[in-house]
Amino acid sequence: MTGRDTEEMTILPFIHFPLSHPRFTSYFCRMKILLLGSGGREHALARKISESPLCEALFIAPGNPGTLQHGINIPLNVNDFQAIKDFCVQENIGMVVVGPEDPLVNGIYDFFQQQDSLKSIHVIGPSKLGAQLEGSKAFAKAFMQRHQIPTAAYREFDLSTYSEGEDYLRAHTLPIVLKADGLAAGKGVVIAETHDEALDTFRAMIQDQKFGAAGSKVVIEQFLTGIECSVFAITDGKDYVLLPSAKDYKRIGEGDTGLNTGGMGAISPVPFIDDAFMQKVTDQVIIPTIKGIAAENIVYKGFVFFGLIKVGDAPYVIEYNCRMGDPETEVVMPRLESDLVELLLSLKDQQLAGHTCVHSALHAATVMLVSKGYPEDYEKGKTITGLDGIQNSILFHAGTRMEQDQLLTNGGRVLAITSLAPTLAEALQRSKKNAGLVEFDGKTFRNDIGWEF
Ligand code: AMP
Ligand code: GLY
């Protein structure tokens, strides 16, 4: 421990092993925590982190009016590493939890590691290389191939192999999945129903640079038919624990129709993830992924989000994300009974082994209230009322802001209403009822979250 740490950290009374034990610093020191991000995911993380006795103070940058209930909002840009550094040094931050993918893909972990004044600060998230599992579809696919992790068959192409790519597309069975290699805010995946559409998309991505540099390389993959779900792990790069699983509802329209969104709602647990399927996911996906990370010496101390599709009885990986999902976090965190901060602290010195993650037996459902027009153009600044009537649900702020004591909409996804209940049906019913009580001009939500179960 540095002198600075000793001064600022309060030691908790329940010490079970000698102070000289190497786990001492990670386990029993309260610390100041900085959480980066501003959505519903960050509100759910802030709520959970602030419940931990290990959290001395929580700052959220930039946060939103909801995170303000659990800590202090700091107006920092999540990609302004220099400003984040200055704040961490000034406030003696012990841990930085990174909510969104951008700062991770941009290398925030490495930035902290490379500076002496920041090295002791524990950043939750993978290194820049590890974040490529989300930041580059081609990197993720090659990683899965190297480690025999089930995923759709694929090829990658760029400008230098453009005509080969066209030939490949012409000979491919339909539908065809085209993915811009880099981050494209959830818009870089096109499922083409005809060869002409596939060729047009291919040209738009590579030649017309519709997604900028993100589309300079394109992954073309086999279309898989099945049902999607998400599994989340916390890893120290060597061991892992599993968080509750979740299913999100990405389409804007009821019955899973219309445009893709960031997510219109989520449920946890996922009814079709039974023990037999989970065993396959563990053996074929999770363990090989963590072993692959370790074997390739990828530094990874954070969340892994496995986007899966169940084809028949078999799991396939659709994508990796190097952070938690949104709105999945709004159902996962309320079902996590273990101390999240204790789990995250154990990652620093790769001490996760032996930890367990206790999940609530309750079902969680969240319903997202979104602005009219989302995921395309929408208006902001609408007055939000009716929150006082909400009972027995947790209200997570996603895109809101305060102006002179009045809550206003400030994004496409505005609020997530999460309920916990002994059955999924009860949780859904309560979230939907409370969703009806909130009022703002253009309020839109899906009344059919969890419709298949
Ligand atoms: P991604 O950004 O990779 O998660 O893809 C976005 C969405 O496209 C996924 O949630 C799936 O619904 C769909 N998708 C992606 N890859 C495939 C595939 N190989 N087969 C079928 N659907 C896919
Ligand atoms: N809800 C999907 C995601 O967070 O990527």
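Ligands are counted one by one from 1 in listed order, and the atoms in each one are counted from 1 as well. If you read the sequence from its start, that first residue is 1, and numbering goes on from there. Remember, it's a predicted structure, so these values are computed and weren't measured experimentally.
Contacts between R323 and ligand 2, counted as non-hydrogen atom pairs separated by less than 4.0 Å, involve the side chain only. Proximity of L224 to ligand 1, defined as any heavy-atom pair under 4.0 Å, is shared by backbone and side chain alike. When non-hydrogen atoms are compared, ligand 2 lies under 4.0 Å from the side chain of E328 (C-beta onward) but not from its backbone. The part of K250 lying near ligand 1 is the side chain, judged by heavy-atom distances below 4.0 Å.
Of the protein's heavy atoms, at least one falls inside 4.0 Å of atom 23 (C) of ligand 1.
Taking both residues in full, the closest heavy atoms of H359 and C357 are given as CD2-O, 3.5 Å, listed atom of the first, atom of the second, then distance.
Considering backbone and side-chain atoms alike, G262 places an N or O below 3.5 Å from some N or O of ligand 2. Ligand 2 has no nitrogen or oxygen under 3.5 angstrom from a nitrogen or oxygen of R41. Between N260 and ligand 1, no pair of N/O atoms sits closer than 3.5 Å.
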Side chain to side chain donor-acceptor pair (under 3.5 Å) assessment of Y249 paired with E452: CA-CA 11 Å; Y249 291 79; E452 326 91 300; 2.7 Å; yes
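Enclosure of atom CD in E379 is not indicated, since only 12 or fewer non-hydrogen atoms of other residues, nucleotides or ligands lie within 6.0 angstrom. D274 CG: more than 12 foreign heavy atoms inside a 6.0 Å radius. More than 12 heavy-atom neighbours from other residues, nucleotides or ligands sit within 6.0 angstrom of NZ on K238.
Looking at R251, E228, E319 and measuring to atom 10 (O) of ligand 1, the nearest heavy atom belongs to E228.
Between D256 and R446 there is a salt bridge, since a side-chain N of the basic residue sits under 4.0 Å from a carboxylate O of the acidic one. A salt bridge does not link K247 with E228: none of the charged nitrogens is closer than 4.0 Å to a carboxylate oxygen.
Near G325, with a cut-off below 4.0 Å to any heavy atom, the atoms of ligand 2 are 4 (O). Counting the atoms of ligand 1 from 1 in the order shown, those under 4.0 Å from a heavy atom of E221 are 16 (N), 17 (C), 18 (C), 19 (N). Residue-ligand proximity, K179 to ligand 1, at heavy-atom distances under 4.0 Å covers atoms 3 (O), 15 (C), 16 (N). Those atoms of ligand 2 with a heavy atom of D248 less than 4.0 angstrom away are 1 (N), 2 (C). Under a 4.0 Å criterion applied to the non-hydrogen atoms of F223, ligand 1 contributes the atoms 20 (N), 21 (C), 22 (N).
Protein heavy atom in closest approach to atom 13 (C) of ligand 1: I191 CD1, 3.9 Å. I318 CD1, 3.5 Å is the protein heavy atom nearest to atom 17 (C) of ligand 1. Closest protein heavy atom to atom 5 (O) of ligand 1: V189 CG2, 3.4 Å.
Ring geometry for F202 versus F157: interplanar angle over 60°, hence perpendicular rather than tilted (30 to 60°). Classified by interplanar angle (parallel below 30°, tilted 30° to 60°, perpendicular above 60°), the ring pair F81/F111 is tilted. Note on ring orientation: taking the six-membered ring where Trp is involved, the planes of H43 and H70 are tilted (angle from 30° to 60°).
For the side-chain hydrogen bond (donor to acceptor under 3.5 Å, both in side chains) test with R155, the passing option among H172, E164, Q222 is E164; the others fail.
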